[in-house]
Student: 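Below is one structure. I have some questions about it.
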Amino acid sequence: MNKDELITFFERDLNKLINEIELYKKEENIWRIEKSISNSAGNLTLHLIGNLHTFIGKEIGKTNYVRNRELEFTQKNVPKKELIESIHNTIEMVKKSLSSLTSQDLKKEYPIMKFPTVETNEYLLVHLINHLTYHLGQINYHRRLIEE
């Protein structure tokens with residue numbers, strides 16, 4: 001997989017995330033949890049933003065992002081407009097961070113240990129796409145369940 005394909009997948013799915021957040025009819029429902037649902041769509045969105053800014057922005061793009069993972073799951077009631085703006089910023093960060101990668105860069109070892117074995121940048125980026133898609137599905141389900 002090349003950098004342009006990776007960027008395309010991230011951009012596509014982050015735009016789907018924006019669409020999911022925009023589809024909530026009641027803004028407060030973005031933050032609702034019920035029954036066995038332990039994370040709101042808002043907290044999953046904050047988690048995805050933090051995850052991508054950490055593993056792509058900080059480590060590959062060399063941004064100075066400082067993650068507060070706990071806050072991703074405890075912060076509440078961030079306005080919809082602010083969430084969407086943060087997702088747009090994440091898209092730009094991903095594009096900027098990955099745009100200068102070469103095929104050789106993708107085959108290099110990822111700079112920090114995320115898995116039990118050392119993996120390549122390409123492996124980590126595919127993992128992050130899958131992580132994004134997994135939570136995107138949860139958010140879609142959350143919206144349809146909460147807003148019936």
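All values reported here derive from a predicted model rather than from experimental measurement.
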Student: Can you see whether N140 engages K16 through a side-chain donor-acceptor pair at a distance of less than 3.5 angstrom?
Tutor: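 On atom types as modelled, these side chains do not qualify, holding no pair under 3.5 Å.
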Student: Do you know which two heavy atoms are closest between V126 and M1, and how far apart they sit?
Tutor: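 Answer, listing the atom of V126 first, then M1: CG2-SD, 4.3 Å.
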Student: Looking only at heavy atoms, what is the nearest atom pair of Y110 and F55, with distance?
Tutor: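 Smallest interatomic distance, heavy atoms only, reads OH-O, 2.7 Å.
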Student: Kindly compute the distance separating CD (E59) from CD1 (I112), expressed to the nearest 0.5 Å.
Tutor: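 E59 atom CD to I112 atom CD1 measures 4.0 Å (nearest 0.5 Å).
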Student: Any donor and acceptor pair, going by atom type alone, linking the side chain of E147 with main-chain N or O of K26 inside 3.5 Å?
Tutor: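 Indeed, once roles are kept as given, a pair shorter than 3.5 Å links the two residues.
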Student: Please evaluate residues D105 and T102 with respect to the criterion side-chain hydrogen bond (donor to acceptor under 3.5 Å, both in side chains), reporting the C-alpha separation (whole Å), side-chain torsions for both, the decisive distance (0.1 Å), and the verdict.
Tutor: CA-CA 5 Å; D105 291 332; T102 64; 3.2 Å; yes
Student: Given side chains that start at C-beta, do those of L98 and F10 come closer than 4.5 Å, heavy atoms only?
Tutor: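 They are in side-chain contact.
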Student: Please tell me if the side chains of L14 and L52 come closer than 4.5 Å, counting only heavy atoms from C-beta onward.
Tutor: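 They are in side-chain contact.
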Student: At what distance, to the nearest 0.5 angstrom, does CG of L101 lie from CD1 of I56?
Tutor: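 So the CG of L101 and the CD1 of I56 are separated by 9.5 Å.
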Student: Evaluate side chain to side chain contact (heavy atoms under 4.5 Å, CB included) for H53 paired with R67, printing each intermediate quantity in order.
Tutor: CA-CA 8 Å; H53 275 278; R67 187 176 193 182; over 6 Å; no
Student: State, yes or no, whether a side-chain contact exists between T120 and E109 at a heavy-atom distance under 4.5 Å.
Tutor: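 Sidechains of E109 and T120: no contact.
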Student: For S40 and N43, does a side-chain donor sit closer than 3.5 Å to a side-chain acceptor?
Tutor: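 Result is yes, a qualifying pair exists.
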Student: My understanding is that only one of I21, N89, L17 makes a side chain to side chain contact (heavy atoms under 4.5 Å, CB included) with I84; could you say which?
Tutor: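 The option that passes is I21.
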Student: Are L145 and K35 packed together at the side-chain level, in the sense that at least one heavy-atom pair is separated by less than 4.5 angstrom?
Tutor: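 Counting from C-beta outward, L145 and K35 never come under 4.5 Å.
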Student: With rounding to the nearest 0.5 angstrom, report the CD1 to NZ distance, I146 to K25.
Tutor: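 Between atom CD1 of I146 and atom NZ of K25 there are 12.5 Å.
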Student: Could you tell me whether the side chain of T133 reaches within less than 4.5 Å of the side chain of I129, counting heavy atoms only?
Tutor: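 Heavy-atom side-chain distance check passes, below 4.5 Å.
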Student: Do the side chains of L125 and I60 get nearer than 4.5 Å, heavy atoms only?
Tutor: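 Contact flag for I60/L125 side chains = yes.
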Student: In plain terms, say whether K107 and E122 are close enough for a salt bridge, that is, a side-chain N and a carboxylate O under 4.0 Å apart.
Tutor: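 Here K107 pairs with E122 in a salt bridge, since their nearest N and O are under 4.0 Å apart.
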Student: Keeping the roles fixed (side chain from W31, backbone from V78), state whether a donor-acceptor pair exists under 3.5 Å.
Tutor: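 Yes; at least one donor-acceptor contact below 3.5 Å.
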Student: Do T117 and E119 have a side chain donor and acceptor closer than 3.5 Å?
Tutor: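 Side chains of T117 and E119: pair found under 3.5 Å.
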Student: Within a 6.0 Å radius of atom NZ on K96, are there more than 12 heavy atoms belonging to other residues, nucleotides or ligands?
Tutor: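 Not buried by this count: 12 neighbours or fewer within 6.0 Å.
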Student: Considering only residues two or more places apart or on different chains, which pairs with a residue in residues 128-148 satisfy ring-ring contact (aromatic ring centres under 6.0 Å, His included)?
Tutor: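 Residue pairs passing ring-ring contact (aromatic ring centres under 6.0 Å, His included), neighbours aside: Y24-H142, H47-H131, H47-H135, H131-H135.
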Student: Tell me every residue that passes side chain to side chain contact (heavy atoms under 4.5 Å, CB included) with N2, counting only those two or more places apart in sequence or in another chain.
Tutor: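 N2 satisfies side chain to side chain contact (heavy atoms under 4.5 Å, CB included) with D4, E5 once adjacent residues are dropped.
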Student: State, with a plain yes or no, whether a side-chain heavy atom of L83 is found less than 4.5 Å away from one of L46.
Tutor: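 Contact flag for L83/L46 side chains = yes.
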Student: Can we say R143 and E20 salt-bridge, meaning some charged N sits less than 4.0 Å from an Asp/Glu carboxylate O?
Tutor: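 Answer for the salt bridge query: yes.
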Student: Using 0.5 Å steps for rounding, measure from the CD1 atom of I139 to the OG1 atom of T45.
Tutor: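 Between atom CD1 of I139 and atom OG1 of T45 there are 4.0 Å.
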Student: Say you draw a straight line from OG of S86 to NZ of K81; how long is it, rounded to the nearest 0.5 Å?
Tutor: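 Here the interatomic distance stands at 12.0 Å.
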Student: Going by the side chain to side chain contact (heavy atoms under 4.5 Å, CB included) test, name the single residue among L6, N51, L48 that passes it with L128.
Tutor: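 Single pass found, and it is N51.
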Student: At their closest point, which heavy atom of S97 faces which heavy atom of G61, and how far apart are they?
Tutor: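 Looks like OG-CA, 3.4 Å.
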Student: Please identify each residue that fulfils side chain to side chain contact (heavy atoms under 4.5 Å, CB included) with S99, with sequence neighbours left out.
Tutor: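 Side chain to side chain contact (heavy atoms under 4.5 Å, CB included) check on S99 returns nothing, list empty.
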Student: Say you draw a straight line from CD1 of I49 to CD of E85; how long is it, rounded to the nearest 0.5 Å?
Tutor: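 Result: 10.5 Å between the selected atoms.
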Student: Hey, does I18 have a side-chain heavy atom less than 4.5 Å from the side chain of E22?
Tutor: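 When only atoms from C-beta onward are counted, I18 and E22 do touch, with a gap below 4.5 Å.
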Student: Do side-chain atoms of T63 reach the backbone of K58 as a donor and acceptor pair under 3.5 angstrom?
Tutor: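 Pair found, side chain donor or acceptor close to backbone of K58.
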